[in-house]
Amino acid sequence: MNKKIRNLFIFVVLLLSLLGGCGQDTKDITVDEEEKQQTDASEESEEPENKEETESKLGSRSNPVPFKKTATVDDELYNDEGDSFPIKFDLTIVEVDRGDAAYKKLVSMNEYNEAAPEGYEWVLAKTKVKFVESATEDLAFHIDGIMNFTMVSENGDIYSGDIIGTTEPDFSFEMYVGSEKEGYISGLVKTGEKAQLRYEEMLGGQVFFNLQ
C-alpha cells in the first residue's frame, strides 16, 4: 500500500468515526470573562439559593450563549492528508428582527422572499464571525448560514428549511485567519415563541445562541 493510499484510508476511517457522533455534543466555547460574570450575576439573582442542579455546559440548548455576547468556538481544520489544525473563531448575534420587521427587511433584500406560513414568523439575525486563531495560515475556514445554522423554537421545533429567505449580505463565507465578516441568517419559528439559533459543524458538535 503506497503512502497516498494509506493516508487516504486513514482519513476515511477518521471521517467515518467522527460522523458517527457528529452534531450531538456541545462544542467547547468561551465567553469574555467580564460578560460571563455579568450574566452569572443576573442569573444568581433570579435563582433560589438552595439550587443544587449542576448547570449545563455553556452553549448547550439549556444554557445558550446570551444574546449579543461573543462566543469563541474551538474547532479544527483538516488538510487533504487528514492532518488536523486547531482553530478558534468568534460568533456574535449582533441584532435580531422578527415578524413584520423581519419580513420587510427580507423583501427589501429580495422582492421574491415569501411571507411566513400561517402560525410562523420570520426571524432575521445579523451575525458576525471573526477567524481569530489557526495553527495554519494555509487552510480556509468555511461557514454558511444555511448549511451550519438552524432556528429552534422554545418548544423544540426545528425549522425544516423548506422556505428559505434570501438575505443581503448573505452569511456565507470562505475566510483565512484574521478575516472578519458580517451578514444575515434567516429562519422561521412559531409566532411569538422564544427562539435560539443553533450553530452545527458537520464533524464537531453544536452551539446554541439566544435570540432575545
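How far CG of Leu188 is from CD1 of Ile158: 14.0 Å, rounded to the nearest 0.5 Å. Taking CD from Glu76 and CG from Asp83, the interatomic distance works out to 11.0 Å, rounded to the nearest 0.5 Å. To the nearest 0.5 Å, atom CG of residue Asp97 and atom CG of residue Leu106 are 9.0 Å apart. Note that CD of Glu95 is 9.5 Å distant from OG1 of Thr127, once rounded to the nearest 0.5 Å. Considering OG1 of Thr167 and CE of Met109, their distance stands at 6.0 Å, rounded to 0.5 Å. Summarising the geometry, atom OG1 belonging to Thr72 is positioned 9.5 Å from atom CZ belonging to Phe89; distances are rounded to the nearest 0.5 Å.
Shown are Ile143, Ile29, Ile87; of these, the side-chain contact (heavy atoms from CB on, under 4.5 Å) with Asp75 is made only by Ile87. Partner of Asp157 under the salt bridge (Lys or Arg N to Asp or Glu O under 4.0 Å) criterion, chosen from Arg198, Lys190, Lys194: Lys190.
Counted within 6.0 Å of CD on Glu182, heavy atoms from surrounding residues, nucleotides or ligands total more than 12; the atom is thus considered enclosed. Crowding of Lys57 atom NZ: a count of heavy atoms from other residues, nucleotides or ligands under 6.0 Å exceeding 12. With a 6.0 Å radius and a threshold of 12 heavy atoms from other residues, nucleotides or ligands, Asp100 has its CG atom at or below the threshold.
For the residue pair Gly145 and Ile185, the shortest heavy atom distance occurs at O-CG2, 3.9 Å.
Phe85 and Tyr176 fall into different hydrophobic clusters, where Ile, Leu, Val, Met, Phe, Trp and Tyr are joined by side-chain heavy atoms under 4.5 Å apart, directly or via other members. In this structure, Met147 is not a member of the same hydrophobic cluster as Val73, with clusters built from ILVMFWY side-chain heavy atoms closer than 4.5 Å. Transitive grouping of hydrophobic side chains (ILVMFWY, heavy atoms separated by less than 4.5 Å) keeps Val132 and Leu91 in distinct clusters.
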With a 3.5 Å cut-off and sequence neighbours excluded, list the donor-acceptor pairs that the side chains of residues 133-140 form with protein atoms.
unit_1 : atom_1 : unit_2 : atom_2 : d
Ser134 : OG     : Thr136 : N      : 3.2
Ser134 : OG     : Thr136 : O      : 2.6
Thr136 : OG1    : Asp138 : N      : 3.1

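Ring geometry for Phe149 versus Phe171: interplanar angle over 60°, hence perpendicular rather than tilted (30 to 60°).
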